[in-house]
Amino acid sequence: MFEVYEKISEVFDLVVSYLILLIELVGIVVLVIAVVMAVVGLIKRKPHTRLKLAEGIALALEFKMGGELLRTVIVREWSELLILGAIILLRAALAFLIQWEIKIERKNGNMPDVVLHDIKTPLTNDLPKENKDKKQ
């Protein structure tokens with residue numbers, strides 16, 4: 001019976017490890033795409049390139065945090081869990097700061113409503129007044 005449990009545990013750890021790698025790979029791909037798009041935006045002098053880069057970084061951080069949260073499933077020792085918790089807290093703080101910067105950038109920038117709607121994040125509820133009236 002113990003051998004069956006060991007085998008199931010090994011398979012579970014392997015599946016979770018591959019899922020962690022996959023989720024973190026998605027985060028890396030998102031970050032690379034955001035950086036490439038930002039460089040192209042800078043070269044072409046597109047407006048709001050900084051904001052779009054911040055959006056990409058925030059999304060990449062969310063995927064990386066998802067991978068770290070999944071990693072808590074296979075952690076076996078308290079010391080590993082404490083290190084993992086510290087990493088998750090740091091990434092959460094970074095994500096919060098980036099989202100805060102995005103919100104400030106949106107409020108201070110002179111963006112038309114169409115552009116604001118196209119690059120809206122879940123943390124900002126700054127819809128134009130016409131849309132707010134329609135939703136209520």
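The side-chain contact (heavy atoms from CB on, under 4.5 Å) with F63 is formed by just one residue from the set I23, L31, I28, L25; it is I23.
No chain of hydrophobic side-chain contacts below 4.5 Å, direct or via other Ile, Leu, Val, Met, Phe, Trp or Tyr residues, connects I43 to V36. Put simply, F12 and Y18 are part of two different groups of oily side chains (I, L, V, M, F, W, Y) that touch within less than 4.5 Å, one to the next. Put simply, V15 and I8 are part of two different groups of oily side chains (I, L, V, M, F, W, Y) that touch within less than 4.5 Å, one to the next. V32 and L94 are members of different hydrophobic clusters when ILVMFWY side chains are connected at heavy-atom separations under 4.5 Å. By the criterion of side-chain heavy atoms lying less than 4.5 angstrom apart, applied directly or through intervening Ile, Leu, Val, Met, Phe, Trp or Tyr residues, V26 is grouped together with L19 in one hydrophobic cluster.
Between E24 and R71 there is a salt bridge, with a side-chain nitrogen of the basic residue lying less than 4.0 Å from a carboxylate oxygen of the acidic one.
Rounding to the nearest 0.5 angstrom, the gap separating the CD1 atom in I98 from the CG atom in L61 is 5.0 Å. Atom CG of residue L70 and atom CD1 of residue I20 lie 4.5 Å apart, to the nearest 0.5 angstrom. Summarising the geometry, atom CD1 belonging to I87 is positioned 10.0 Å from atom NZ belonging to K64; distances are rounded to the nearest 0.5 Å. Annotation: the span from L14 atom CG to S9 atom OG amounts to 11.0 Å, rounded to 0.5 Å. Note: M37 CE to L42 CG = 12.0 Å, rounded to the nearest 0.5 Å. Note that NZ of K7 and CD of E10 are 5.0 Å apart. Values are rounded to the nearest 0.5 Å.
Heavy-atom contacts from other residues, nucleotides or ligands closer than 6.0 Å to CD of E3 number 12 or fewer.
Between D13 and R76 the shortest heavy-atom distance is OD2-NH2, 2.6 Å. Nearest heavy atom pair, residue G27 against residue A60, reads O-CB, 3.3 Å. Here the shortest heavy-atom pairing between A34 and G56 reads CB-CA, 3.6 Å. In terms of heavy atoms, A54 sits closest to I102 at CB-CG1, 3.6 Å. Between E62 and A95, the shortest heavy-atom distance links the atoms OE2-CB, 3.7 Å.
Contact annotation: the side chain of I57 approaches that of L53 to within less than 4.5 Å [non-hydrogen atoms, C-beta and beyond]. Within the 4.5 Å cutoff, side-chain heavy atoms of R50 are placed close to those of E101.
With sequence neighbours excluded, the residues that form a side-chain hydrogen bond (donor to acceptor under 3.5 Å, both in side chains) with R91 are E68.
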Tell me, with the steps shown, if T72 and I88 meet side-chain contact (heavy atoms from CB on, under 4.5 Å).
CA-CA 10 Å; T72 61; I88 290 171; 4.1 Å; yes
